[in-house]
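Inspection log for the structure reproduced underneath, given as structure tokens.
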Number of protein chains: 2
Amino acid sequence: MLKHEAEADRVFHALADANRRTVIERLTRGPATVSELAAQLGVTVAATVQHLRVLQDSELVRTEKAGRVRTCQIDPAGLRNAEAWLRRQRTTWERRLDRLDAVLDDQTKEQ
Amino acid sequence: MLKHEAEADRVFHALADANRRTVIERLTRGPATVSELAAQLGVTVAATVQHLRVLQDSELVRTEKAGRVRTCQIDPAGLRNAEAWLRRQRTTWERRLDRLDAVLDDQTKEQ
DNA sequence: CTCATGCTTAAGCATGCACTTAACTTTACG
DNA sequence: CGTAAAGTTAAGTGCATGCTTAAGCATGAG
């Protein structure tokens with residue numbers, strides 16, 4: 001639970017930036033180099049590298065360097081973590097609503 | 001798409017804070033007052049109010065004031081938005097992998 | 001009415017973050 | 001070799017963020 005919390009911290013922080021989300025959206029369509037991502041974002045390559053570090057630490061992106069060009073692609077682990085946290089909250093909440101419904105049903109029957 | 005992007009911005013930013021996630025986890029178990037949330041977080045009531053403003057703006061929490069006590073509960077809209085964004089990315093990525101598989105299958109057949 | 005309770009708001013502060021520029025390393029090409 | 005391209009790293013800057021304290025505003029209990 002605690003390890004998961006730390007992961008959730010990294011992942012949601014990574015997703016909280018619009019430029020980093022744009023990188024993810026781009027990479028779901030296929031791999032890209034650092035320069036290509038920088039061009040699409042409209043920021044410097046240096047800024048893009050910093051974004052990529054955050055995305056890698058949260059397991060949202062994997063990169064590999066061949067020669068002098070670094071190729072980036074989606075790492076599904078981070079997306080799965082984030083989806084799992086959200087689903088956990090939603091199901092807990094829905095289960096509670098179901099219990100509430102049951103209680104209300106019992107009460108109406110007892111009248 | 002643009003409106004959705006702005007919503008994603010707010011939601012993921014809200015989820016990026018550990019204390020705000022704790023509030024959500026608490027509220028999935030049932031409603032709570034501002035003071036109760038502050039006590040659990042171990043921060044001042046003032047700080048908690050600020051977190052609640054962020055959570056309301058991202059439609060993760062709804063609140064209602066009765067007398068001098070404000071009761072907070074989950075608003076499922078924000079969670080749904082976040083889940084939708086993540087699912088959109090994941091399915092786009094999986095569809096691309098499927099296409100890649102198809103291409104590779106064709107190539108092996110042609111040999 | 002008095003006063004404590006629950007919340008709200010404003011102001012200040014330390015820290016973090018996203019970006020830049022600039023200097024540097026490594027790799028490819030002629 | 002010389003040089004341009006791709007990326008890395010460091011330092012600095014402005015702005016946002018999360019927190020505090022302090023003051024203020026309703027509301028409920030006695």
Side-chain angles (χ1 to χ4, degrees), chain A residues 5-27 30-73 75 78 82, chain B residues 5-27 30-73 75 78 82:
Chain A
E5 271 303 307
E7 284 172 8
D9 226 329
R10 279 195 294 272
V11 171
F12 286 124
H13 167 246
L15 292 172
D17 182 86
N19 275 344
R20 284 194 289 264
R21 286 201 308 278
T22 300
V23 167
I24 292 176
E25 289 178 346
R26 168 63 186 79
L27 293 183
T33 70
V34 176
S35 317
E36 287 168 356
L37 294 174
Q40 180 174 357
L41 294 183
V43 299
T44 45
V45 171
T48 306
V49 168
Q50 293 172 19
H51 283 308
L52 286 172
R53 177 153 37 235
V54 173
L55 289 168
Q56 288 181 81
D57 289 348
S58 51
E59 298 183 300
L60 285 162
V61 165
R62 273 188 311 121
T63 76
E64 202 171 346
K65 192 156 181 177
R68 57 181 173 176
V69 67
R70 178 175 293 277
T71 305
C72 313
Q73 57 184 311
D75 180 350
Chain B
E5 271 304 306
E7 284 172 8
D9 227 329
R10 279 195 294 272
V11 172
F12 286 124
H13 168 246
L15 291 172
D17 182 86
N19 275 344
R20 285 194 289 265
R21 286 202 308 277
T22 300
V23 167
I24 292 176
E25 289 177 346
R26 167 64 186 78
L27 293 183
T33 70
V34 177
S35 317
E36 288 168 354
L37 294 175
Q40 181 174 357
L41 293 183
V43 299
T44 47
V45 171
T48 306
V49 168
Q50 293 173 18
H51 282 308
L52 285 172
R53 177 154 35 236
V54 174
L55 289 168
Q56 289 181 80
D57 289 348
S58 51
E59 299 184 298
L60 286 162
V61 165
R62 273 188 310 121
T63 75
E64 203 171 345
K65 190 157 184 178
R68 57 182 171 174
V69 69
R70 178 174 295 274
T71 305
C72 312
Q73 56 184 310
D75 180 350

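Chain identifiers are assigned alphabetically (A, B, ...) following the order of the sequence lines, protein sequences preceding nucleic acid strands; residue numbering begins at 1 within each chain.
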Measuring to OP1 and OP2 of D:dT9, would you say a side-chain N or O of A:Arg53 lies under 4.0 angstrom away?
yes

What nucleotide, of D:dA10, D:dG18, D:dT21, holds the atom closest to the side chain of B:Thr44?
D:dT21

Does any donor-acceptor pair link the side chain of B:Arg68 with the base of C:dT5 at a separation under 3.5 Å?
yes

Whole-Å gap separating P (C:dC17) and CG (A:Asp57):
12 Å

How close or far is atom C1' of C:dT5 from atom CD of B:Glu36, stated in whole angstroms?
14 Å

Starting at CG of B:Asp9 and ending at C1' of D:dT17, how long is that distance when rounded to a whole Å?
15 Å

Polar side-chain atom of B:Arg21 near backbone of B:Leu15 as donor-acceptor pair, under 3.5 Å:
yes

Return the value, rounded to whole Å, for the distance between atom NZ of B:Lys65 and atom C1' of C:dT9.
12 Å

Starting at the 5' end of DNA chain D, which residue's closest nucleotide do you reach first, A:Gln50 or A:Arg70?
A:Arg70

Taking OP1 and OP2 of C:dC17, is either one under 4.0 Å from a side-chain nitrogen or oxygen of A:His51?
no

Between C1' on C:dC17 and CG on A:Leu52, what's the gap in Å once rounded to a whole number?
16 Å

Is it the case that A:Gln40 and A:Thr22 place a side-chain donor and acceptor less than 3.5 Å from each other?
no

So does A:Leu37 get a backbone contact from the side chain of A:Arg26, meaning a donor-acceptor N/O pair under 3.5 Å?
no

By the 4.0 Å heavy-atom rule, please label B:Val45 as base, sugar-phosphate, or nothing.
base

Just the rounded figure in Å: distance from P of D:dT17 to CG of B:Leu55.
14 Å

Between P of C:dA18 and CZ of A:Arg21, the distance in whole Å
12 Å

Which of these nucleotides, D:dA6, C:dT9, D:dT9, is closest to any side-chain atom of A:Ala46?
D:dT9

Go nucleotide by nucleotide along DNA chain C from the 5' end; which of A:Gly67 and A:Asn19 gets its closest nucleotide reached first?
A:Asn19

Report which part of the nucleic acid A:Thr48 touches: base, sugar-phosphate, or nothing (heavy-atom distance under 4.0 Å, all strands).
nothing

For C:dC17, take OP1 and OP2 only and decide whether either is under 4.0 Å from a side-chain N or O of A:His13.
yes

Looking at B:Ala14, is its backbone amide N or carbonyl O close enough to the side chain of B:Arg20 to form a donor-acceptor pair, meaning the two atoms are under 3.5 Å apart?
yes

Just how far, in rounded Å, is P of D:dA6 from CG of A:Leu37?
14 Å

Closest non-hydrogen atoms of B:Thr44 and B:Thr48, given as atom of the first, atom of the second and distance, are O-OG1, 3.0 Å

